[in-house]
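Okay, so here's the structure we're looking at.
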Protein chains: 2
Amino acid sequence: MNTIKQLGNIAIGTRLRMLTDKFISDADKIYKTLDVDFEPRLFTVFYLINQKKSITITELAEQLGYTQPAVTQIANTLISKKLISAVKEKKDSRKKILTITKKGDELLLELIPVWQDIENSVKELIHETGYDVLFVLSKLESVLEKKDIFTRVMEKTKKRQIAEVRIFEYSNNSPGDARFKKELDKNFRDINYEWIKKYFKVEKEDRKQLENPGKEIIENGGVIFFAEYKDMIAGTAALLKKENNSYELAKMAVRDEVQGKQIGKKLGIAVIEKAKRLKCNNLYLETNATLTPAINLYKSIGFEEAEMKDPSKYERATFRMNYNFNKKLSEI
Amino acid sequence: MNTIKQLGNIAIGTRLRMLTDKFISDADKIYKTLDVDFEPRLFTVFYLINQKKSITITELAEQLGYTQPAVTQIANTLISKKLISAVKEKKDSRKKILTITKKGDELLLELIPVWQDIENSVKELIHETGYDVLFVLSKLESVLEKKDIFTRVMEKTKKRQIAEVRIFEYSNNSPGDARFKKELDKNFRDINYEWIKKYFKVEKEDRKQLENPGKEIIENGGVIFFAEYKDMIAGTAALLKKENNSYELAKMAVRDEVQGKQIGKKLGIAVIEKAKRLKCNNLYLETNATLTPAINLYKSIGFEEAEMKDPSKYERATFRMNYNFNKKLSEI
DNA sequence: TTAATTTGCATAAGTGCTTATATAAAGATA
DNA sequence: TATCTTTATATAAGCACTTATGCAAATTAA
């Protein structure tokens, strides 16, 4: 039974469950031994009804942190034991007002000294630990409320995953054998066709760039970026050279099965950095106004909504964004 | 939800349960979100099988503090997911040896980083509380192991109940009206008949004393003691005067429905103290050797087994005890 | 060496919560 | 004022354990 301690922090749930079970089963044994017709699970509800004199199901659930069905079930048990009674509220007949019955009051006379003994026993126990255990529990509750384990783990996982994503570029200057380049071309094509088909239709300009990226993008002075994640090409982006040191961010796509790993963001940042190194003074992109998540991503890396001046080569392009070179990047 | 805190020590079980639920459900959410085919409840068992490489159901149950059926169920789930495999031990075919499968090893590769993130998140959480929460839990566990809540409450309840028992005597010197004395006589008779009939048969000597205690006991220089508990006469004892400052403790009986409240002990002590005040130098009692609980009670208040010299007036009396006036009473 | 006891595991049923969903009354909106 | 949404409670089913019990293999006692 000591092994559980060695599992460390991760087994805290199991250890708490064991302590919980011990407390609850001891309480149960106490009622049984003292021949009091009561159960531990009824305690909080019965206690609070007595304290508040009259209270509804939902109010109890809120104040005790139970779910409503839990309170309904406990209340029904108390009603069947004739310890409380329920009446509908006059003004709002959905509400059920619970009050202690005469039999409940009589049972309370028996219960109160037992509760007092339990209270004192727990107090004594806690004192022997040398810690203000209840305060520690409060701390744990409040720290957990600020940021729970799920959120913490997600943050860590995201960071870990981002770290596992490797971005590399493919341009006229990149070395590499032909077979590898062919494989990359295929990935560039497939990943982009996949996402375009999902929301829109493939247009002539798409086909031109995707079928022959070497000629249409690289030879025109552009760069293609790939995101590699766990031995697979997970996403792409292209930096297209335009006139007068202008560049366009285009063909940015991430495979469906690796969404949510910040791959798009990492690609976008790589594109921006490359553009800066190329002395670009005008970086823009075109997208569709309905693609809110994408637009938010672009905003998060420094793009700002701009006027849609000239008609685009793409039917789907209804929204233009310019990169703001002066804005300091918020932390990524 | 803050109300639960105000319930104080007694609601510690409920508070622990809530924390437990939060940890477990967060872990569940993490596996689901990361699309890992695993469940929190499988963790400890799967982890330990991996650590020990091969282990049986019962060993797991012992080391984890789970019941054997719990481990059987978890193991079966792991087997159905093909994460572990079970083979019978050659030497003892009752034993089932569990080991991780290839698929289990593959899942572990996915799980370990997640577990690491959980581990770190809990560590971070605990650090933010400012307390060594796991150490506090250990303390709680060890203090609880030394003496659990049930035992503590029982001790307190016993003390409380003893305090509620009032012993009073009824002798030639006692004041009181006739009706009250008649009522006491009836109680003395009924309580004793009740217990005698339960184990033995009522004998002539019983009838003589019980039907006419005033004449047979009081007028002979004896004293009758009553224990009053919650407005009822709960037990009786008599101190019978014999020749040469000898006294006999007899007719000690406690109603069945108030057994276990130390009433007999309290009566016995009252009898002994009275005997001392009467300058008694030889206090004895006769009982039956089969009545072990009664004999233990007598021992606990200072009686010692003695030789059964003269044949008793009672058929059932097979065991004689003398009070040791020199022995210091152990704490009561 | 047989019979009785102990041990290891399986199975069934219970417990005390949960989530998901239904239902009816009340309140908001058009 | 009819409809749509929200709120209060009920009901059903699930979950992760528990206790109780059964069964067969192993061990101990006679």
- request: Could you go through the salt bridge (Lys or Arg N to Asp or Glu O under 4.0 Å) check for A:E164 and A:K261 one step at a time?
  value: CA-CA 10 Å; A:E164 281 175 44; A:K261 294 181 170 36; over 6 Å; no
- prompt: If the sugar-phosphate is the primed atoms plus P, OP1 and OP2 and the base is the rest, what is the B/S/- string for nucleotides 19-25 of chain D, using protein heavy atoms under 4.0 Å?
  reply: BB----B
- prompt: What heavy-atom pair brings B:I263 and B:V258 nearest, and what distance separates the two atoms?
  reply: CD1-O, 3.7 Å
statement: chain B vs DNA chain C, heavy-atom contacts under 4.0 Å, first-to-last nucleotide span, 5' to 3', is C:dT7 to C:dC17
- request: Mark yes or no for whether B:N288, through its side chain, and B:T318, through its backbone, hold a donor-acceptor pair below 3.5 Å.
  value: no
query: Any donor-acceptor pair under 3.5 Å linking the side chain of B:T101 with the backbone of B:K82?
result: yes
Could you tell me how far apart [X] ([atom1]) and [N] ([atom2]) are, to the nearest whole angstrom?
X     : N      : atom1 : atom2 : value
B:N76 : D:dA16 : CG    : P     : 14 Å
A:I24 : D:dA16 : CD1   : P     : 19 Å
A:K22 : D:dC17 : NZ    : C1'   : 16 Å
A:E59 : D:dT7  : CD    : P     : 15 Å

message: Using a heavy-atom cut-off of 4.0 Å across all strands, would you classify B:S25 as base, sugar-phosphate, or nothing?
response: nothing
query: What orientation do A:F200 and A:W195 show, parallel under 30°, tilted 30 to 60°, or perpendicular over 60°?
result: perpendicular
task: Map A:I74 and A:K90 onto DNA chain C by nearest heavy atom, then report which one ends up closer to the 5' terminus.
output: A:I74
query: Please walk me through it: do A:T72 and A:Q68 pass side-chain hydrogen bond (donor to acceptor under 3.5 Å, both in side chains)?
result: CA-CA 6 Å; A:T72 297; A:Q68 166 266 314; 2.9 Å; yes
- request: Let me see the working for B:T14 and A:R41 under side-chain hydrogen bond (donor to acceptor under 3.5 Å, both in side chains), right down to the final yes or no.
  value: CA-CA 8 Å; B:T14 307; A:R41 70 186 186 103; over 6 Å; no
Sidechain N-carboxylate O distance under 4.0 Å for [X], [Y]:
X      : Y      : result
B:D148 : B:R152 : no
B:K81  : B:E39  : yes
A:R15  : B:E141 : yes
A:K102 : A:E106 : yes

field: Sub-4.0 Å heavy-atom contacts from residues 33-45 of chain A onto DNA chain C, ordered by number
entry: A:E39, A:R41
message: Suppose we screen for side-chain hydrogen bond (donor to acceptor under 3.5 Å, both in side chains). Which residues come up paired with B:Q161, at least two apart in sequence or across chains?
response: none
Axis bend over the full length of the helix from C:dT1-D:dA30 to C:dA30-D:dT1, computed from five pairs that close each end, to 10 degrees: 0°
Tabulate below the donor-acceptor pairs under 3.5 Å that side-chain atoms of residues 93-100 of chain B make, not counting sequence neighbours, or state none.
residue, atom, partner, partner atom, Å
B:R94, NE, B:D92, OD1, 3.0
B:R94, NH2, B:D92, OD2, 2.8
B:T99, OG1, B:S85, OG, 3.3

